[in-house]
> 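Before anything else, here's the structure in question.
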Amino acid sequence: MLEAGIQGVCELQVDDTNSAKTMGSGALDVLATPAMIALMEKTAWTSVQPYLDEGCGTVGTLLNVTHDAPTPLGMTVRCESELIEVKGRKLVFSVTAYDEVGKIGGGTHERFIIQNDKFQSKANSKGK
């Protein structure tokens, strides 16, 4: 049963693959904002996946986050999420990211529950 209070945690190691320089979001060897956002999304969706019916998943629809501090290569980043609102198929999460020194970003993230096959078919039909 999906209800507010479900929490999640995920981590990533900052390296060349998720740097701003490699991802094209800047020219420095620091954690890219898109990589932080992807970690926030992953933390949110994996936290609720066990509570969904078989064949269902979630898709991200809205992010309102800040990236407040840089993280250099070699550090670990941890993201924490909490489901704060369930309104029908709409799920709202609080998300916060930390590196080994402190908070680096946070905000809210919205996802919608979908039927995986139906959603994939709809996406695939756009290319035909």
> For F112 and L91, what are the C-alpha separation, side-chain angles and deciding distance, and is it a side chain to side chain contact (heavy atoms under 4.5 Å, CB included)?
CA-CA 6 Å; F112 271 78; L91 308 175; over 6 Å; no
> Is there a side chain to side chain contact (heavy atoms under 4.5 Å, CB included) between R89 and I114 once you walk through the steps?
CA-CA 8 Å; R89 296 185 313 126; I114 51 97; 4.2 Å; yes
> Picking from N64, I84, L62, V95, what satisfies side chain to side chain contact (heavy atoms under 4.5 Å, CB included) with H109?
V95
> Atom CD of E41 and atom OG1 of T46: how far apart are they, to the nearest 0.5 Å?
11.5 Å
> For the CG atom on N124, are there more than 12 heavy atoms of other groups (residues, nucleotides or ligands in this structure) within a distance under 6.0 Å?
yes
> If I compare all heavy atoms of A32 with all of M23, which pair ends up nearest, and what's the gap?
CB-SD, 3.6 Å
> Using a 3.5 Å distance criterion without hydrogens, assess whether the side chain of R78 forms a donor-acceptor pair with backbone atoms of Y98.
no
> How close do V86 and A4 get, heavy atom to heavy atom, and via which atoms?
CG2-N, 4.1 Å
> Does a donor on one side chain sit under 3.5 Å from an acceptor on the other, for Q13 and T76?
yes
> Looking at every non-hydrogen atom in both residues, tell me the closest pair between T43 and C10 and how far apart they are.
OG1-CB, 3.2 Å
> For the atom pair CD (Q7) and OG (S94), what is the distance rounded to the nearest 0.5 Å?
9.5 Å
> If I compare all heavy atoms of A35 with all of L12, which pair ends up nearest, and what's the gap?
O-CD2, 4.1 Å
> Could you tell me which non-hydrogen atom of V92 sits nearest to which non-hydrogen atom of K90, and how far apart they are?
CG2-CE, 3.7 Å
> With side chain to side chain contact (heavy atoms under 4.5 Å, CB included) as the test, would you mind laying out the steps for L52 and L2 before giving the verdict?
CA-CA 8 Å; L52 300 178; L2 274 176; 3.5 Å; yes
> Could you check whether any side-chain heavy atom of T33 comes within less than 4.5 Å of a side-chain heavy atom of V65, counting everything from C-beta outward?
no
> Is there a path of hydrophobic side-chain contacts, each under 4.5 Å between heavy atoms of I/L/V/M/F/W/Y residues, joining L73 to L31?
yes
> Grouping I, L, V, M, F, W and Y whenever their side-chain heavy atoms are under 4.5 Å apart, do F93 and I113 come out in a common cluster?
yes
> Rounded to the nearest 0.5 Å, what separates atom OG in S81 from atom NZ in K42?
12.0 Å
> Quick check: does any side chain N or O of S47 sit under 3.5 Å from a backbone N or O of A44, one acting as donor and the other as acceptor?
yes
> Could you walk me through whether T71 and I104 pass the side chain to side chain contact (heavy atoms under 4.5 Å, CB included) check?
CA-CA 8 Å; T71 303; I104 63 165; 3.6 Å; yes
> Ignoring hydrogens, what is the shortest heavy-atom contact between M36 and G105? Give both atom names and the distance.
SD-CA, 4.2 Å
> Could you verify whether a donor N or O on one side chain and an acceptor N or O on the other, from T61 and E110, lie under 3.5 Å apart?
yes
> Would the distance check show the side chain of T22 and the main-chain N or O of S19 forming a donor-acceptor pair, the cut-off being under 3.5 Å?
no
> How long is the span from the OG atom in S125 to the CD atom in Q120, to the nearest 0.5 Å?
10.0 Å
> So do T96 and K103 actually touch side chain to side chain, heavy atoms under 4.5 Å?
yes
> M40, V77: one ILVMFWY side-chain cluster at the under-4.5 Å cut-off?
yes
> Is there a side-chain contact between I37 and L39 in this structure, where contact means two heavy atoms from C-beta onward sitting under 4.5 Å apart?
no
> Does G102 offer a backbone N or O that forms a donor-acceptor pair with the side chain of D99 under 3.5 Å?
yes
> Has the side chain of Q49 got a donor or acceptor atom that lies under 3.5 Å from a matching backbone atom of C56?
yes
> Any chance you could measure E54, atom CD, to N116, atom CG, to the nearest 0.5 Å?
10.5 Å
